[in-house]
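Worth saying up front: this structure is predicted, and the values here are computed from it rather than measured.
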Amino acid sequence: LLIGLPALLTVVLAFTEYDALSAPVWSGFQNFRTIFQRDVFWIAVRNSVAFVAMGVPLQLLGALALALLLHRQRPGVRHYRIAAYLPSVIPDVAYALIWLWIFNPLYGPLNTALGSVGLPQPAWLVDANTALPALVLMACFRMGEGMLLLIAALQGMPQEYFQAAALDGGSRWQLFRYITLPLLAPWLILLLIRDILLSAQSTFTPVYMMTEGGPGYATTLLPYLIYDEAFSHFRIGHAASMMLLMFAVLGVLLWAAGKLTGGWGYADEV
């Protein structure tokens, strides 16, 4: 009721002229023709694809690295897991405010640390060249859920495979390459699909709180543009059309991910 009905209304509104003040007027595909002619739409599409292309692999690799580092039981490992997971449970608004302070070019701790070792100190969120990478960096620290999933997968692996390979003289790299990675492949595919969906949809709060799509249009991503069209300019029909197109882009990305990872996974014979 809370998801299906709004989704159905969005499909209908995408083919109407609607400003929330007067009754919707059927316009067919006119909304799509209009937004295709707007440069800001293509900028938002390009930025959204770039965000996913940069952020998803980094999140996946980070979650895998943390899981490999923290999956074994040792003194204090629980505290490290909690520390790695903590950013994932901070509310989005509070998380954005924390990173506003971190990225502050004058007194933020990130530039202070870079300056202490003689490295450049970018104006992160006010420079068009660094604003989008800054949002990607911020998103990459929310890898705790993926880490926990991979820790569970690592702890559930049959140890007989590793013992047999070790007896045959397998090195650590060979154990990881030929045993650990293939057994983790189904979990990695699941995380890849999940991160693509979340990365494309969870960018509204940081953009709204931190950059408002700027500088220029450097951080104008599709979720923020859809909000701006609907609630700042009251072009709700255009916003609904963009929403449908965003779902289409997500479908293409998921299809591409499935093709790239085709043949991964394993099956145990009972």
Side-chain angles (χ1 to χ4, degrees), residues 1-56 91-93 95-97 99-100 125-136 138-139 195-256:
L1 183 64
L2 296 177
I3 297 176
L5 183 59
L8 181 61
L9 291 175
T10 298
V11 173
V12 175
L13 290 175
F15 298 93
T16 66
E17 287 290 337
Y18 182 49
D19 59 4
L21 300 176
S22 55
V25 177
W26 184 263
S27 61
F29 289 94
Q30 182 58 42
N31 287 339
F32 296 93
R33 287 191 288 267
T34 300
I35 62 178
F36 282 153
Q37 295 171 359
R38 297 181 58 193
D39 292 338
V40 66
F41 171 74
W42 294 110
I43 291 172
V45 170
R46 185 176 68 244
N47 289 343
S48 298
V49 172
F51 183 89
V52 171
M54 289 188 291
V56 170
D92 289 347
V93 172
Y95 191 66
L97 292 175
W99 279 94
L100 266 177
L125 298 176
V126 295
D127 186 340
N129 295 318
T130 58
L132 188 61
L135 294 182
V136 171
M138 168 184 167
D195 288 345
I196 288 176
L197 291 172
L198 288 181
S199 294
Q201 300 179 61
S202 62
T203 56
F204 170 76
T205 300
V207 172
Y208 180 79
M209 293 290 299
M210 300 170 70
T211 65
E212 295 186 347
Y217 292 108
T219 59
T220 298
L221 306 180
L222 273 174
Y224 180 79
L225 181 61
I226 291 169
Y227 165 84
D228 190 56
E229 285 290 302
F231 300 107
S232 296
H233 302 288
F234 295 100
R235 292 191 286 255
I236 296 178
H238 290 184
S241 301
M242 292 181 186
M243 180 71 76
L244 289 185
L245 291 172
M246 186 178 78
F247 286 142
V249 171
L250 286 175
V252 171
L253 290 175
L254 293 177
W255 174 84

If the condition is side-chain contact (heavy atoms from CB on, under 4.5 Å), which residues does I226 pass it with, not counting sequence neighbours?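 Scan of I226 (side-chain contact (heavy atoms from CB on, under 4.5 Å), adjacent residues dropped) gives A239, M242, M243, M246.
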For S199, what residues pass the side-chain contact (heavy atoms from CB on, under 4.5 Å) criterion, not counting sequence neighbours?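 Checked S199 against side-chain contact (heavy atoms from CB on, under 4.5 Å); matches are F51, V52, V56, Q59.
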N/O donor-acceptor pair under 3.5 Å between Y95 side chain and M138 backbone: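 Yes.
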Under 3.5 Å donor-acceptor, S48 side chain and L222 backbone: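 Indeed, once roles are kept as given, a pair shorter than 3.5 Å links the two residues.
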From [X] atom [atom1] to [Y] atom [atom2], the distance as rounded to the nearest 0.5 Å:
X	Y	atom1	atom2	result
T10	L5	OG1	CG	9.5 Å
Y224	T211	OH	OG1	7.5 Å
S241	E229	OG	CD	10.0 Å
L250	I196	CG	CD1	8.5 Å
L8	I3	CG	CD1	13.5 Å
H233	L225	NE2	CG	8.5 Å

Side chain to side chain contact (heavy atoms under 4.5 Å, CB included), that's the test. Do F41 and L245 meet it? Break it down for me. CA-CA 10 Å; F41 171 74; L245 291 172; 3.6 Å; yes
Donor-acceptor pairs are to be reported for all side-chain atoms of residues 11-23 against protein atoms at under 3.5 Å, with residues two or more places apart or in another chain.
{"residue": "T16", "atom": "OG1", "partner": "L13", "partner atom": "O", "Å": "2.9"}
{"residue": "D19", "atom": "OD1", "partner": "L21", "partner atom": "N", "Å": "3.0"}
{"residue": "D19", "atom": "OD1", "partner": "S22", "partner atom": "N", "Å": "2.9"}
{"residue": "D19", "atom": "OD1", "partner": "S22", "partner atom": "OG", "Å": "3.1"}

Which heavy atom of [X] sits nearest a heavy atom of [Y], and at what distance?
X	Y	result
P215	D127	CG-C, 3.7 Å
T220	G213	OG1-O, 2.9 Å
D92	T205	CB-CG2, 3.7 Å
A230	I236	O-CG1, 3.8 Å
L100	M209	CD1-O, 3.9 Å
A96	P206	CB-CA, 4.3 Å

Quick one: does T219's side chain get under 4.5 Å of M210's, heavy atoms only?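 Not touching, per the 4.5 Å side-chain cut-off.
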Would you mind reporting whether N47 and I43 have side-chain heavy atoms less than 4.5 Å apart?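 In contact.
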Parallel, tilted or perpendicular: rings of F36 and F32 (30°, 60°):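 Tilted.
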If you count every heavy atom of other residues, nucleotides or ligands that lies below 6.0 Å from F204 atom CZ, does the total exceed 12?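 Correct, the count exceeds 12.
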Y227 OH: over 12 foreign heavy atoms closer than 6.0 Å: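 Count over threshold, so yes.
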